[in-house]
Asker: 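Sending over a structure as structure tokens; questions will come in a sec.
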Amino acid sequence: MPKKKEDIQRKLAGFDTQRNFIVDKNAINEESRTISFILVSEQNEGERYDWWKDEVFIEKLDVNGAKVERLKTFFKDHNRSVDSAIGKIENVRVEDGKLKADVVFGTDEASEKIFRKYVDGILTDCSIGYRILSTKIEERKGEPTLVTVTEYEIFELSAVGVGFDRGATVGRELNLNKGDDSMNEELKKELEQLRSIVDGLTAEQQTRKVQLEKMEEESKRAMDSNNFKNEQTRTAEIMDLTTAGHLTLERASEFVKTGASIDEVRKAIIDEKTRVSQTVVVGGTPDAESMVRSIEDSIIARCGVQVELKDNYFRGASLTDMARHLLGVSSMDRLDIAQRSMSNDQFALLLGNVANRVLVSNFEEQEGTYHLWTSNVDLPNFKIQNDVSIKNPNGRLAKLKEKGELENLELDENGEAWKLESFGNKFTFTRQMLINDDLGAFTNIVAQFGQMAKRTANGRVYDLLQKKGDFANYKMNDNKPLFDTSHKNLDNGATLSSESLSAARVRMRRQMDGEIALNINPKYLIVSPENEATALRILTSEADPTGNNSGVTNIHKNSLTVIIESELDANPWYLAAARKTIKTGTLAGTGGQPIVQERLRSGGGIEYDCLFDFGLVVEDFRGLYKNLGA
């Protein structure tokens, strides 16, 4: 079948890709650490290979069609991570028929290293990452089709090793007849490999075409003149489906003979899954496991999680392209690919893996302080747990009796009871997201859940300290609140100072186990942002900050670890021991982190549950102290 203009248009629309350009060495300013890069030259034509349609075409970027609003940071090797950012982009403009930009390099060691390589001429190239928004197609007799990209969004500029656009440097002519001047070595190798595959497919497709034409002739002879036009259209559409690899010749012949309508044929393809699958060769690696891993890593990178993408063939590919490979089909119909993906086990599992990796990354990066001073344990299930203690009113070991017998220790049956509770929300990855290549909404939902899970755990710990929310009526096993005058761990109205801190430490050291003082030494001072400056002054000053004589030693210097928490009310401040304060629990097997799991699938999308199983309990009120402040 001849290639249609709209096929290329559909193929390129929304496509993410990369182009390399040569740096004009005369535009390097060592004093200001600035290089004026040519992003797009006036002669930037280069060969592209549409291996789905077995065709080489020439791509040209319209210098005036670039959108550069997102172009802010200069990266290394197309790795858009924090560590790979080596400069800032300024003054993007069209000048002398070229799209140029100034890059001011950073002062850190990594940025300086790359800058020096440009200065010394070791590096001469840069590369843009861009998304195609609109194109103009020009078919040329005897020459490859010219595809002019009239509108495109440049979202990345990177330092790279080998250039693509040789026309971007002064004094060079573009020569499309020379392979070295039209694409880099990596693209040439991929093209040669893909051409060898296409050559094998072309012979098979030609055979199919001949056989289908013979079928069409037989069908024509069988139809009377009144029905010939309709039958011709029906047979031609079935032939198109077969040529595209959606049907076997045998199955197509059956549909032609039985008079099945084109709608019935399409429905049968979906319901009976009769589409021919072809071997997928990705970056020279034909095994499915490597392909799935590469697809997952490329999606992860697009979600903003740092991952190694060296030699990853799917880097910059669309979700539809990835799904096509994963399903092992040759269809170019995005709607059909989306429908198949929504019911495919492997695609749903891959997307779930991506969600979990994004979730964990954002959970770990989210601010929170509870884990700095509490302990965490794995709980095997959601049953009620009892933290049983020992009845030991004397606080010491019993003396050995005359006959060598030891006294039995009794368990306190009134231990603190607690259990895991589940928190979460659900979200759906829709077929529209896949068709529109929209990872942003998916990533934002999952990332926000990871952040919300950390804030949930952090907030519940501090709600317990402050008797808020679910813990407004929290009681210990003695039916008293956590902080209570009878527990000797609560004081009223003392502003945080050297004197009040000393008094609080005495309180904790005088906590009793029966008749024995426990001598608890607090390790953490937990305060609100309003008390941060005071706390730091007390714990870092060489001299007593409240004394009139600067020679008076500050007895609290470096004696406690300060924890600043915005969940706390302004005035109260707290002390916590190193252990036996508050214990948190998470479900065993989750690594103490939230998880994503598939809920259900439908034609509209794949629904996932974001779950976080978390519980907490006070181990011993004597390891905690609260002052209501003033």
Asker: Holding to side chain to side chain donor-acceptor pair (under 3.5 Å), I want the full list of residues that pass it with N344, two or more places apart in sequence or in another chain.
Answerer: none

Asker: Do S127 and S158 pair up side chain to side chain, a donor and an acceptor below 3.5 Å, judged on atom types alone?
Answerer: no

Asker: Could you grab the distance from atom CD1 of I299 to atom OG of S294, nearest 0.5 Å is fine?
Answerer: 11.0 Å

Asker: Between the side chain of K454 and the main-chain N/O of Q366, is any donor-acceptor distance below 3.5 Å?
Answerer: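 Such a contact is found between K454 side chain and Q366 backbone.
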
Asker: Decide yes or no on side-chain contact (heavy atoms from CB on, under 4.5 Å) for L326 and Q346, but give the supporting numbers first.
Answerer: CA-CA 8 Å; L326 194 67; Q346 196 172 29; 3.9 Å; yes

Asker: So, N29 side chain and T34 main chain: donor-acceptor pair closer than 3.5 Å or not?
Answerer: no

Asker: Quick one: does D120's side chain have a donor or acceptor within less than 3.5 Å of a partner on I122's backbone?
Answerer: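 Here the side-chain-to-backbone pair does not exist.
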
Asker: Spell out, as yes or no, whether a donor-acceptor pair under 3.5 Å connects the side chain of Y152 to the backbone of D62.
Answerer: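 Yes, because the side chain of Y152 sits within donor-acceptor range (under 3.5 Å) of the backbone of D62.
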
Asker: Is R70 salt-bridged to E156, cutoff N-O under 4.0 Å?
Answerer: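 Salt bridge between R70 and E156, a charged N being under 4.0 Å from a carboxylate O: no.
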
Asker: Could you pull out the closest heavy-atom pair between V358 and N362, with the gap in Å?
Answerer: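 Smallest heavy-atom distance, with atoms named: O-ND2, 2.8 Å.
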
Asker: Hey, is the main chain of A260 close enough, under 3.5 Å, to the side chain of R234 for a donor-acceptor pair?
Answerer: yes

Asker: Spell out, as yes or no, whether a donor-acceptor pair under 3.5 Å connects the side chain of S343 to the backbone of R340.
Answerer: yes

Asker: Which residues pass the salt bridge (charged side-chain N to carboxylate O under 4.0 Å, His left out) test with E30, not counting sequence neighbours?
Answerer: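 Applying salt bridge (charged side-chain N to carboxylate O under 4.0 Å, His left out) to E30 gives R116.
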
Asker: What distance separates S298 OG from R293 CZ, expressed to the nearest 0.5 Å?
Answerer: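 Going from the OG atom of S298 to the CZ atom of R293 covers 12.5 Å.
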
Asker: Between CZ of R431 and CD1 of I337, what distance do you get to the nearest 0.5 Å?
Answerer: 12.0 Å

Asker: Do you know the tightest heavy-atom contact between P594 and N356?
Answerer: O-OD1, 4.4 Å

Asker: Name all residues meeting the ring pair (Phe, Tyr, Trp, His ring centres under 6.0 Å) criterion together with F449; count only those two or more places apart in sequence or in a different chain, and write none if there are none.
Answerer: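 F449 satisfies ring pair (Phe, Tyr, Trp, His ring centres under 6.0 Å) with no residue once adjacent residues are dropped.
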
Asker: Using the salt bridge (charged side-chain N to carboxylate O under 4.0 Å, His left out) rule, collect all pairs that involve residues 593-602, keeping only residues at least two apart or in two chains.
Answerer: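 Checked against salt bridge (charged side-chain N to carboxylate O under 4.0 Å, His left out) - neighbours excluded - the pairs reaching residues 593-602 are D345-R601, E598-R601, R599-E607, R599-D609.
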
Asker: Of all heavy-atom pairs between I295 and M322, which one has the smallest distance, and what is that distance?
Answerer: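 Nearest heavy atoms, I295 then M322: CD1-O, 3.6 Å.
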
Asker: Checking the side chain of R455 only, and the main-chain atoms of A453 only, is there a donor and an acceptor separated by less than 3.5 Å?
Answerer: no

Asker: State, yes or no, whether a side-chain contact exists between L123 and I114 at a heavy-atom distance under 4.5 Å.
Answerer: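 They are in side-chain contact.
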
Asker: Salt bridge between R140 and E138, side-chain N to carboxylate O under 4.0 Å?
Answerer: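 Answer for the salt bridge query: no.
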
Asker: Mark yes or no for whether S41, through its side chain, and Q43, through its backbone, hold a donor-acceptor pair below 3.5 Å.
Answerer: yes

Asker: Taking the side chain as every heavy atom from C-beta outward, state whether F347 and L434 have any pair of such atoms under 4.5 Å apart.
Answerer: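 SC-SC contact between F347 and L434 confirmed.
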
Asker: Under 3.5 Å, side chain of E264 to main-chain N/O of S261, donor-acceptor pair present?
Answerer: yes

Asker: Measure the CD-OG1 distance between E59 and T145 for me, rounded to the nearest 0.5 Å.
Answerer: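 Nearest 0.5 Å value for the CD-OG1 distance: 13.0 Å.
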
Asker: Taking side chain as C-beta onward, heavy atoms only, is T320 less than 4.5 Å from I435?
Answerer: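 No - every pair of side-chain heavy atoms lies 4.5 Å or more apart.
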
Asker: Could you go through V68 and R93, starting from their C-alpha distance and side-chain angles, then the distance that decides it, and tell me whether this counts as side-chain contact (heavy atoms from CB on, under 4.5 Å)?
Answerer: CA-CA 9 Å; V68 296; R93 75 276 185 190; over 6 Å; no

Asker: Hey, are the side chains of L319 and F429 touching, using non-hydrogen atoms and a 4.5 Å cut-off?
Answerer: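 Counting from C-beta outward, L319 and F429 do come under 4.5 Å.
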
Asker: Indicate whether any N or O donor in one side chain lies under 3.5 Å from an N or O acceptor in the other, for E364 and Q593.
Answerer: yes

Asker: Are the side chains of K67 and I154 in contact, using a 4.5 Å heavy-atom criterion?
Answerer: no

Asker: If you take all heavy atoms of N425 and M452, which pair is closest and at what distance?
Answerer: OD1-CE, 4.3 Å

Asker: Could you grab the distance from atom OG1 of T135 to atom NZ of K60, nearest 0.5 Å is fine?
Answerer: 14.5 Å

Asker: Strictly distance-based, threshold 3.5 Å: is any side-chain N or O of Y608 a donor or acceptor partner for the main-chain N or O of A348?
Answerer: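 Pair found, side chain donor or acceptor close to backbone of A348.
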
Asker: Pair I86, K113 - check side-chain contact (heavy atoms from CB on, under 4.5 Å), show working.
Answerer: CA-CA 10 Å; I86 56 176; K113 183 178 179 180; over 6 Å; no

Asker: A side-chain contact here means heavy atoms from C-beta on lying under 4.5 Å apart; do T428 and I606 qualify?
Answerer: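 Counting from C-beta outward, T428 and I606 never come under 4.5 Å.
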
Asker: So do the side chains of V104 and E90 get within less than 4.5 Å of each other, counting heavy atoms only?
Answerer: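 Of all side-chain heavy-atom pairs linking E90 with V104, at least one is under 4.5 Å.
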
Asker: Search all heavy atoms of V354 against all heavy atoms of I300 and return the closest pair with its distance.
Answerer: O-CD1, 3.6 Å

Asker: Under the salt bridge (charged side-chain N to carboxylate O under 4.0 Å, His left out) test, which residues partner R357, sequence neighbours left out?
Answerer: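 With neighbours one apart ignored, the set is E296, D297.
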
Asker: Can you tell if the side chain of V147 reaches within under 4.5 Å of the side chain of I58, non-hydrogen atoms only?
Answerer: no

Asker: Which pairs pass ring-ring contact (aromatic ring centres under 6.0 Å, His included) with one or both residues in residues 83-117, sequence neighbours excluded?
Answerer: F74-F105, F105-F115

Asker: Run N91 and K100 through side-chain contact (heavy atoms from CB on, under 4.5 Å) and show every step you take.
Answerer: CA-CA 8 Å; N91 191 23; K100 295 184 178 182; over 6 Å; no

Asker: Going from OG1 on T73 to CD1 on I89, what distance comes out if it is rounded to the nearest 0.5 angstrom?
Answerer: 6.5 Å

Asker: To check you understand the geometry: which heavy-atom pair defines the closest contact between A101 and L39, and what is its length?
Answerer: CB-CD1, 3.5 Å

Asker: Do the side chains of R131 and E153 get close enough for a salt bridge, i.e. N-O under 4.0 angstrom?
Answerer: no

